[in-house]
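Proteins come first, then strands; the chains are lettered A, B, ... in the order of their sequence lines, and each starts at number 1.
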Amino acid sequence: MSQSYNRGLIEDFSRWREFSAGMWAWIFHKFTGWVLVGYLFTHIAVLSTALSGAAAYTNTIQALESLLVVRILEVGLLAVAVFHILNGLRLLFVDLGVGLEAQDQSFYASLILTGVIVIASVPTFLSGVSI
Amino acid sequence: MSTQVPEQVEDESSAESVSPGKQKRDQKKRERAQRIQEQREAEAAEKARSEDDTYHLKVFRYDPEVPEKQEPRFDDFYVPYKQGMTVLDALMWARDHYDSSLTFRHSCRQAICGSDALFVNGSQRLGCKTQLSDLAEPVRIEPLPHADVVKDLVVDMEHFYDQMEAVEPYFQTNSLPDGELDEQRQTRENREKVKMSTRCIWCSACMSSCNIAAGDNEYLGPAAINKAYRFAMDEREGEDMKQRRLEILEQEHGVWRCQTQFSCTEVCPKDIPLTEHIQELKREAIKNNLKFW
Amino acid sequence: MYEHDVIVVGAGGAGLRAAIAAHEEGADVAIVSKLHPVRSHTGAAEGGINAALREADSWEDHAYDTMKGSDYLADAPAAETLCKDSPKETIKLEHWGMAFSRDDDGRVSQRPFGGLSFPRTTYAGAETGHQLLHTMYEQLVKRGIKVYDEWHVTRLAVSDEERPEDRTCHGIVAYDVQTGKIEGFRARNGVILATGGLGQVYDHTTNAVANTGDGVAMAYRAGVPMEDMEFIQFHPTTLPSTGVLITEGVRGEGGILYNENGERFMFEYGYANNLGELASRDVVSRAELTEVNEGRGIEDEYVHLDMRHLGEERIIDRLENIIHLSEDFEGVNPLDAPMPVKPGQHYAMGGVETDENGETCITGLYAAGECACASVHGGNRLGGNALPELIVFGKRAGHHAAGKDMETAKITTGKVGDYEEAELESPVQLGEVGIGEDVVADGGAAADAGASASGADLVQRAVEDERETIDALLEKEDGIQHAEIRERVQKSMTRNVNVFREEEALKDALRDIREARELYQDVYVGDKSRTFNTDLLQTLETRNILDIAEGITLGALARNEFRGAHWRKEYQERRDEEWLKHTLLSWNDGEPELWYKPVILEGENKTYEPKVRSY
Amino acid sequence: MAERYTSFEPGGRRWLWQRLTAAFLVVVLAFHFFLLHFLNHADEVTFALSQARMEQLTYFSLMILFLITATFHGVNGVYNALVNMGLSGSRKTAVKAILGVASLVLIVQGVRTALAWAGGVPI
Ligand SMILES: Cc1cc2nc3c(=O)[nH]c(=O)nc-3n(C[C@H](O)[C@H](O)[C@H](O)COP(=O)(O)OP(=O)(O)OC[C@H]3O[C@@H](n4cnc5c(N)ncnc54)[C@H](O)[C@@H]3O)c2cc1C
Ligand code: HEM
Ligand code: SF4
Ligand code: F3S
Ligand code: FES
């Protein structure tokens with residue numbers, strides 16, 4: 001063949017406006033998944049302060065928990081986790097061949113439910129934080 | 001109106017060794033042809049202007065050989081609307097009346113040959129099966145994403161064909177009836193089960209819409225997997241063949257790559273439930289392997 | 001130059017079957033096609049494949065129906081071959097995995113079709129052609145047969161003896177659409193043409209844009225006669241904007257045709273007082289056009305087909321795909337509004353003259369499928385008889401070209417036996433413009449490399465001629481574009497050589513074609529690129545359209561009778577005494593030559609006596 | 001049919017495990033969140049409390065299992081995503097190795113922490 005024009009990846013991503021529900025679900029699931037692995041590693045790292053003694057551990061945790069940013073990040077983490085769980089459930093059902101016709105509705109439902117759960121738990125997450 | 005490639009300068013020397021009489025006649029003929037051509041273009045423009053009901057198309061242009069088109073660009077065309085006009089009709093009109101170099105594949109005009117899958121207003125559709133009246137203006141028409149552009153709206157289909165042919169896309173069985181007039185029996189239910197999967201017209205819209213296929217060139221893609229489904233689920237092939245088909249599908253770049261994005265299912269002009277078929281095959285593959293534990 | 005034993009031009013049902021057959025015989029075969037095989041128009045066929053498969057049915061009955069349907073213009077040996085071989089070939093498709101519709105007992109389903117005395121139309125839903133085409137392409141992939149897809153064949157490389165019957169075909173010349181390369185393909189054993197229909201001669205057709213009758217025109221210019229070109233089938237219910245076919249089933253279920261005044265014209269104007277909308281295709285087509293011509297058409301173009309009174313439930317149950325067709329292609333929801341319909345060109349009964357083994361009068365040149373005329377369909381094709389034609393004659397041509405021993409054909413080709421020369425009457429000069437002058441864009445017939453030239457030389461010579469032609473077309477800087485010429489011819493054909501044929505109109509058409517031919521001398525290609533130049537290809541196709549349009553019109557003018565699909569205003573009767581013969585047109589160095597050969601009505605066991613064709 | 005294809009294709013196995021671990025994680029993760037954010041508020045977490053829980057065998061083994069499944073699920077997910085993006089050849093092998101080592105380190109570190117809390121494997 002003679003020459004041809006390869007439009008490359010840049011152009012693909014500039015198409016995000018044209019993505020459909022299933023594609024958004026895929027992107028969000030990917031993103032949340034990566035955040036969760038990231039968190040898993042950090043989480044274990046923080047917890048391993050326990051190896052250097054009880055006091056070190058308690059101090060680190062309490063110092064962290066008293067920071068507003070950390071609390072806010074935790075809310076973010078909750079959002080990420082809840083979405084990943086709900087959409088994960090959606091995907092599990094899809095794998096079982098259940099509710100394929102409603103795949104877009106179930107994605108929207110996961111989004112909304114995530115929102116609701118996260119908002120409802122904000123007070124719990126922010127309680128007792130010293131500002 | 002259109003952004004036609006500028007006319008090239010005429011080359012006078014080509015008419016050298018012809019008799020003067022013929023030259024004159026030729027000249028006259030050419031003038032007449034020229035006149036008709038101009039008249040036609042003027043009429044087209046007139047028609048487009050006089051009708052308020054015109055559609056504005058923005059069409060992707062590229063040609064590796066024409067200097068003006070080497071850098072991809074969008075051209076504007078204004079096409080007079082007629083009841084029932086499709087995107088393909090509009091493209092043909094633009095080609096026949098404004099710019100004969102506007103290039104796209106098309107043949108059947110009835111959604112069966114699968115040649116004119118295009119990227120229209122941000123989604124993969126068959127030009128011939130898309131009514132202009134369903135689209136917002138300007139109608140943006142591009143070649144299929146995730147494929148190399150050969151020229152204008154024509155993309156290179158080789159990779160798609162390779163994937164389709166990678167799944168042994170032909171009927172195989174070890175138990176044909178002996179007589180050449182004896183058919184194999186098939187239940188209605190079974191035929192019903194494979195029915196949708198046999199409707200594929202190889203348009204490649206699904207493949208173009210799938211982000212995984214875009215990222216992983218070796219991924220078989222929804223159409224090829226669907227093709228394999230068509231045979232794997234056909235009871236006439238027999239269990240041993242199904243086994244063989246599942247082995248093909250189970251390879252690293254087979255069914256497991258699908259991330260259930262559903263865009264393939266959404267764009268398929270033949271309404272084939274592709275995601276469902278892929279998912280069913282994943283389960284079949286797992287079941288098949290669990291049997292031997 | 002490429003070289004193979006057998007070269008098949010075209011990859012529709014006929015071409016694919018021919019290639020598989022040649023491969024079965026051990027030949028090195030390749031397909032050259034301007035479309036990828038699965039894009040061929042065979043995919044559009046909906047109805048089914050006629051085959052006498054059941055106990056209660058017989059090939060003899062099928063042959064009888066076919067002869068009767070043809071209005072006794074089919075050649076019995078061809079029709080009988082079709083009917084005898086069709087069951088075997090149809091079951092072969094089943095063995096290849098084709099997804100036929102099934103009965104409760106698991107056998108392939110059959111349904112009744114117009115003109116058949118037994119429900120013998122084997123089908124796969126409303127997409128029989130699609131299933132057939134794909135099944136056959138799958139077999140091609142399985143066998144690893146080489147396909148040169150998106151290669152447009154532009155001419156045949158045929159030796160240049162005086163009489164066409166002495167010529168030999170050595171190969172073809174093709175243009176690679178992607179790269180613009182022009183290459184020769186030498187065929188050691190034979191070339192099989194399977195280029196399909198010619199609907200693009202008309203501006204309104206159910207055929208694809210690619211159906212430009214290339215094979216017929218190429219063979220014609222190489223010396224093979226065109227047979228029975230005047231017989232064109234029109235379908236009465238096609239959507240006006242695209243020509244998409246709305247199945248007879250709508251009328252079968254009770255759909256009604258109305259004119260602009262809301263009159264049920266089939267009855268009110270007495271076109272068919274008994275059957276009404278259910279009258280045969282040609283009667284309904286003519287009725288619709290009469291309405292339009294007499295000013296009762298809607299927008300002076302079409303009539304309405306209404307099925308709303310059938311009720312949503314029944315429509316969805318039985319005619320669901322019609323709802324989609326009408327919405328997608330016409331933007332009309334038939335549950336809310338009547339569908340606009342008008343007659344459209346549908347099928348060409350005529351074509352390249354062949355015998356029942358697919359061979360033409362030129363040695364090594366074969367044809368099969370819609371482009372060929374072995375004469376199975378005669379004056380009128382029965383629904384469901386084209387698909388069996390593809391597989392039966394495709395296979396025979398493939399076998400023959402690959403060198404298999406065939407039974408000697410009963411049908412003769414070329415000017416042998418008792419043929420009859422005739423005069424052409426025409427108001428204008430016919431054929432090539434300015435024969436003898438150097439013609440810019442002649443499609444070329446025989447390549448004259450001298451009688452002693454080898455096959456390869458001949459092909460090479462043809463390639464060089466073609467390169468010159470195409471270079472000249474591309475170099476030309478101004479003139480007229482093919483779209484204009486094509487449109488003129490199409491419009492004229494639709495106006496003058498449609499379901500109604502009157503002497504004066506036919507002559508008008510000849511005048512228009514002449515004018516178009518002259519304009520074609522000035523044709524130029526706007527697109528100068530060598531990459532995927534569809535402008536160039538369509539320009540070449542337009543040339544073919546011109547020759548074919550002329551052939552159809554000349555045949556129609558010559559045939560002074562009303563037979564099958566051919567209606568003549570001045571001659572409202574079938575005239576068996578004079579017209580049990582085929583019209584043939586030969587390209588005599590650029591000028592058409594008319595002659596006739598008798599129809600063969602003697603079959604294997606019986607002779608088909610012409611009867612009144614009534615159902 | 002006498003001849004069978006018996007080796008379980010890795011693609012399929014990993015796919016299945018991704019689903020199985022996911023199903024398991026839904027339950028455990030919900031439990032984990034609930035326990036550590038709603039029953040016991042985050043700011044109240046201390047070494048002692050953690051220690052008290054860890055000393056129970058059921059809780060201890062659940063957490064270890066949680067750690068392993070989450071690691072598999074997460075790392076396998078990442079690997080899969082990379083393959084989907086066209087990772088292949090020697091780079092693929094390298095990534096596989098790195099991810100494998102990282103998971104191992106993570107699990108070892110996690111187990112050590114848990115052991116520190118429980119003061120040895122709880123009985
Ligand atoms: C809407 C519709 C419905 C129909 N329904 C039925 C039905 O129910 N039953 C029935 O029996 N018949 C039916 N027919 C008729 C039947 O489908 C056709 O006659 C038949 O499919 C023609 O097949 P073919 O192989 O001859 O040609 P096609 O399938 O048209 O193939 C032609 C091939 O030739 C190639 N070609 C053409 N020109 C060139 C060139 N210059 N160079 C290289 N390649 C070239 C093309 O690429 C293509 O591959 C229907 C037809 C239509 C249009
Ligand atoms: C709690 C319940 C969870 C459920 C139901 C769940 C579900 C899923 C499912 C079904 C997938 C596969 C998507 C696919 O292959 O199409 C997935 C991917 C993934 N999960 Fe989870 N998951 C859960 C928890 C977690 C946790 C705790 C982590 C972090 C360690 C995690 C990290 C990931 C990652 C990184 C991916 C890959 C994302 C990608 O495709 O890029 N998940 N999850
Ligand atoms: S599956 Fe659908 S979208 Fe994909 S190629 Fe086939 S018809 Fe086109
Ligand atoms: S879009 Fe791609 S990811 Fe799967 S569901 Fe379709 S193949
Ligand atoms: S032109 Fe054939 S599918 Fe659109």
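- Atom CD1 of B:Ile112 sits about 9.0 Å away from atom CG of C:Leu133, to the nearest 0.5 Å.
- Contact between C:Leu35 and B:Ser107 at its shortest, heavy atoms only, is CD1-OG, 3.8 Å.
- With B:Glu180 contributing its side chain and C:Lys92 its backbone, the two residues share no donor-acceptor pair below 3.5 Å.
- Across C:Ser101, C:Gly129, C:Pro87, the residue that shares the most heavy-atom pairs under 4.5 angstrom with chain B is C:Ser101.
- For B:Arg109, the parts sitting under 4.5 Å from any heavy atom of chain C are the backbone and the side chain alike.
- Using a 3.5 Å distance cut-off with no hydrogens or angles, the side chains of C:Thr242 and B:Gln110 do not pair a donor with an acceptor.
- To the nearest 0.5 Å, atom CG of residue C:Asn533 and atom CG of residue B:Asp63 are 8.5 Å apart.
- Proximity to chain C (any heavy atom under 4.5 Å) is shown, for B:Asp134, by neither the backbone nor the side chain.
- For a residue to count as touching a neighbouring chain, one of its non-hydrogen atoms must lie under 4.5 Å from one of that chain's; by this rule B:Ile201 touches chain C with backbone and side chain alike.
- Comparing B:Glu168, B:Lys195, B:Arg95, B:Met157 by heavy-atom pairs within less than 4.5 Å of chain C, the highest count is held by B:Arg95.
- The contact between C:Tyr137 and chain B is made entirely by side chain atoms (from C-beta outward), counting heavy-atom distances below 4.5 Å.
- Taking each heavy atom of C:His130 and B:Thr198 in turn, the nearest pair found is NE2-O, 2.9 Å.
- Proximity to chain B is limited to the side chain of C:Arg488, based on heavy atoms less than 4.5 angstrom apart.
- Comparing C:Thr135, C:Leu245, C:Thr534 by heavy-atom pairs within less than 4.5 Å of chain B, the highest count is held by C:Thr534.
- Both the backbone and the side chain of B:Leu181 come within contact range of chain C, each with at least one heavy atom under 4.5 Å from a heavy atom of that chain.
- Residues C:Asp527 and B:Ser101 have side chains that never bring a donor and an acceptor to within less than 3.5 angstrom of each other.
- Atom OG1 of B:Thr103 is separated from atom CG of C:Asp535 by 8.0 Å, given to the nearest 0.5 angstrom.
- Here B:Lys227 pairs with C:Glu138 in a salt bridge; the nearest charged N to carboxylate O distance falls below 4.0 Å.
- Among C:Glu94, C:Arg107, C:His95, the one residue that satisfies the side chain to side chain donor-acceptor pair (under 3.5 Å) test with B:Gln184 is C:Glu94.
- Annotation: maximal heavy-atom pairing with chain B below 4.5 Å, among C:Ala99, C:Ala124, C:Pro240, occurs at C:Ala99.
- Counting heavy-atom pairs closer than 4.5 Å to chain C, the top residue among B:Thr86, B:Thr173, B:Asp182, B:Val194 is B:Asp182.
- From B:Leu88, atom CG reaches atom CZ of C:Phe329 across 10.0 Å, with rounding to the nearest 0.5 Å.
- Looking only at distances, a side-chain donor or acceptor of C:Arg39 sits under 3.5 Å from a matching main-chain atom of B:Gly114.
- For the atom pair CZ (C:Phe532) and CZ (B:Phe104), the distance works out to 11.0 Å, reported to the nearest 0.5 Å.
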**Request:** Assess whether side-chain contact (heavy atoms from CB on, under 4.5 Å) is satisfied between B:Trp202 and C:His134, documenting all intermediate values.
**Result:** CA-CA 10 Å; B:Trp202 295 44; C:His134 282 256; 3.4 Å; yes
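- Annotation for C:Thr531 and B:Lys151: closest pair O-NZ, 2.8 Å, computed over non-hydrogen atoms.
- Here the closest non-hydrogen pair linking C:Asp328 and B:Lys129 is OD2-CE, 3.0 Å.
- Using cut-offs of 30° and 60° on the angle between ring planes, the pair C:His36 and B:Tyr161 is parallel.
- For B:Met164, no part lies under 4.5 angstrom from a heavy atom of chain C.
- Proximity to chain B (any heavy atom under 4.5 Å) is shown, for C:Thr205, by both the backbone and the side chain.
- Ranked by heavy-atom pairs shorter than 4.5 Å toward chain B, the options C:Thr90, C:Asp104, C:Val332 are led by C:Asp104.
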**Request:** Report the C-alpha separation of C:His41 and B:Cys108 in whole Å, then their side-chain angles, then the decisive distance to 0.1 Å, and conclude whether the side-chain contact (heavy atoms from CB on, under 4.5 Å) test is met.
**Result:** CA-CA 7 Å; C:His41 206 54; B:Cys108 69; 4.0 Å; yes
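- Contact tally against chain B (heavy-atom pairs below 4.5 Å) for C:Glu327, C:Gln139, C:Glu150: the top residue is C:Glu150.
- Between the B:Gln83 side chain and the C:Glu330 main chain, a donor and an acceptor come within less than 3.5 Å of each other.
- By number of non-hydrogen pairs under 4.5 angstrom with chain C, the leading residue of B:Arg230, B:Glu189, B:Met92 is B:Arg230.
- Ranked by heavy-atom pairs shorter than 4.5 Å toward chain B, the options C:Ile485, C:Val38, C:Thr206 are led by C:Val38.
- B:Arg199 touches chain C through backbone and side chain together, each having a heavy atom under 4.5 Å away.
- For B:Ser133, no part lies under 4.5 angstrom from a heavy atom of chain C.
- A salt bridge is absent between C:Lys528 and B:Glu65: the closest approach of a Lys/Arg side-chain nitrogen to an acidic carboxylate oxygen does not fall below 4.0 angstrom.
- For a residue to count as touching a neighbouring chain, one of its non-hydrogen atoms must lie under 4.5 Å from one of that chain's; by this rule C:Arg486 does not touch chain B.
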**Request:** Give the intermediate values and the outcome of side-chain contact (heavy atoms from CB on, under 4.5 Å) for residues C:Arg102 and B:Thr187.
**Result:** CA-CA 7 Å; C:Arg102 298 282 166 165; B:Thr187 60; over 6 Å; no
**Item:** Check against side-chain contact (heavy atoms from CB on, under 4.5 Å), C:Asp105 and B:Arg188
**Value:** CA-CA 9 Å; C:Asp105 61 1; B:Arg188 274 170 185 265; over 6 Å; no
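- When all heavy atoms are compared, the tightest approach of B:Glu183 to C:Val108 is OE2-N, 2.7 Å.
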**Asked** Given the rule in the salt bridge (charged side-chain N to carboxylate O under 4.0 Å, His left out) test, do B:Glu165 and C:Lys142 qualify, once you have shown the distances and angles that lead to the verdict?
**Response** CA-CA 9 Å; B:Glu165 285 167 18; C:Lys142 181 174 182 184; over 6 Å; no
